[in-house]
Amino acid sequence: MIQAPLSAVNDDEAADFLHWLESEPADEVVDDLTGLRTRFEKLLRNSGLADELLRCCLEGGAARGLDISSRIRAQLQEASLPLPPVLQRASIDISSTLAEMARKLESLRSTAAPDLHARENDRRLALGLCSEAFVVAAMSAANAPPGLWKLANRMAVELEGDASYFTMAAMAAASPESLTARQLAWIADFLGNSLPELQLQAEGESLVGAWWIELGADAAPVSVARGLAPAGGDVRHFSLVPLARVLGEHVEHLETVIAAAENAGDTLEVELLDAGDEELPPGLTPVELLALLRILRERWVSSPLRVLPRRPQHYAIQVCLGLRGLWELGRGRSESGRVLEWQVLNESPGGYAIMSITETEADAGRPAEIVAGIVLGVRRQADEAWAVCVVRWVRSEASGRIELGLQVLALSYYAVQVAFRGTTLRGVVPALALPAMEPMRRHPAFLAPAGTYASRRFVFVREGARVYVAQGRALGLDMQTASVELFRYEIDPYPI
């Protein structure tokens, strides 16, 4: 909020900054961001600026920065990785600018007028800026700005139960690198409206679903399941179980809504949520939302752990992106334009970390969007079978480069078409038939687009030299992401 009249401002940098804030935002968000950064940097170089005038500039700058951030967020939801260089640079710049504004606001607490309410407002605004900086960095698959967590952790102790800090903490606990930009934007909106009261405690490792933070460290919260807090450190604890309980109520409500819509023959996979629940923000279809809520509920209670260590490696690997791409290869389509070359960074019996090589013109026409939760195939050379993997996390720190964490679902597959009984939502859909994979999976499974699984019985068709048609009985949904789902099955001995 701009409180100082321009006629009363004697400082040239502050007057220019406040005058610019009163102007209309530029049509191009990059131009608006450049204007904010240029004037804010000049303001920081003025060491003689009065605290109240600086506070006035920071409040106005924060409002403009949050507006710019919301516009960049909208672009991130529509972009695919790797981000266009201009958008990636803008994401980094707005995150660092918001973090620097927060740092400057926090520094005013000891020099401002002795108004405790004003100083508390400074810190709450600063934590709000920290939270937004973290959200934008996560949506762009990048790391948080350096020093952001140290700053936020320090202020969170002084502001008990601050919603902005716990939005950061809950998003960090959800493993944001494994979620899409659309999902992260939805989570940020949800937490901003529906966050239950959470508290930091000096003791709490016995809490169910406990997390801890070390106040002096520049690090996100850590689950006690992954490691105990350092002895003798300045540590605080909290639990996200209350938040998981809230999600459980929404999951039950959505399951009822989706079941009713399926019985009525509605096409939920193309309609945005209109379930009469005002606490759930729009932006995701009911099927997408149900899968996301289940993931969040699990992660906020028990953080996922890596079971098998990965060994550093360095060799080329061939990649086919997307379930549809693998399905078409399984039906004998040409590999031209569907197979890319990537680099393995490390591997284990259960997965890989791989990195894209230089962005090429061929890569620019890739058939699948690269986001967490998609399926891809990997193989070392052309005469090997494709191993089917799901993308567990995505990072994109350098322009044009992407790193992916993969979990192996099967060492081979064949292409089929499946159709579930009792539903008209999708009809026949392409799917990948995966063999049993001991000890992870004792039964064969199908990997299909999200929302395919609808009942216990289904029919599948495999084409080849001879057409094979059979009825299967689903044994349960083992995995669901925003893009795909995996369900085990057995051949039904008594088809009806």
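Just so we're clear, the structure is a prediction, and the values are computed from it rather than from any experiment.
- Counting heavy atoms from C-beta on, the side chains of Thr481 and Val375 never come closer than 4.5 Å.
- The neighbour count for Glu24 CD, taken as heavy atoms of other residues, nucleotides or ligands under 6.0 Å away, does not exceed 12.
- The shortest distance between side-chain heavy atoms of Tyr165 and Ser131 does not fall below 4.5 Å.
- Proximity of Val459 to Val428: side-chain heavy atoms (C-beta onward) are nowhere separated by under 4.5 Å.
- Between Trp327 and Tyr413, the ring center distance fails the sub-6.0 Å criterion.
- For the pair Leu66 and Leu129, the minimum side-chain heavy-atom distance is below 4.5 Å.
- Side chains of Trp186 and Leu179 form no contact here, defined as non-hydrogen atoms less than 4.5 Å apart.
- Look at Glu100 and Arg37 and you find no salt bridge, because none of the NZ, NE, NH1 or NH2 atoms lies under 4.0 Å from a carboxylate O.
- Relative ring orientation between Phe460 and Tyr468 is described as tilted, the plane-to-plane angle lying within the 30° to 60° band.
- More than 12 heavy-atom neighbours from other residues, nucleotides or ligands sit within 6.0 angstrom of CD on Glu490.
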Inset, instruction - Applying salt bridge (charged side-chain N to carboxylate O under 4.0 Å, His left out), run through Glu249 and Arg245 and close with a yes or a no. - result: CA-CA 7 Å; Glu249 297 172 1; Arg245 291 197 189 102; over 6 Å; no

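- Neither side chain, Glu384 nor Gln318, offers a donor N or O lying under 3.5 Å from an acceptor on the other.
- Salt-bridge annotation for Arg456 and Asp492: absent, with no side-chain N of the basic residue lying under 4.0 Å from a carboxylate O of the acidic one.
- Using a 4.5 Å heavy-atom threshold, the side chains of Glu403 and Glu177 count as separate.
- Scanning for ring-ring contact (aromatic ring centres under 6.0 Å, His included) contacts around Phe166 gives Phe238, with sequence neighbours left out.
- Within the 4.5 Å cutoff, the side chain of Val461 has heavy atoms near those of the Val467 side chain.
- By the 4.5 Å heavy-atom criterion applied to side chains, Leu87 and Ile72 are counted as neighbours.
- Put simply, the side chain of Ser140 never gets that close to the backbone of Gln88: no donor and acceptor are under 3.5 Å apart.
- Glu347 contributes no side-chain N or O that, together with a main-chain N or O of Arg311, makes up a donor-acceptor pair within less than 3.5 Å.
- The two residues Ala174 and Arg299 make their nearest non-hydrogen contact at O-NH1, 2.8 Å.
- One N or O on the side chain of Arg182 and one on the backbone of Gly283 form a donor-acceptor pair closer than 3.5 Å.
- What you find for Ile317 and Arg379 is that their closest heavy atoms are CG1-O, 3.2 Å.
- Summarising the geometry, atom CG belonging to Leu321 is positioned 5.0 Å from atom CD1 belonging to Ile370; distances are rounded to the nearest 0.5 Å.
- Counting only distance, with no hydrogens or angles, the side chain of Ser70 and the backbone of Asp67 share a donor-acceptor pair below 3.5 Å.
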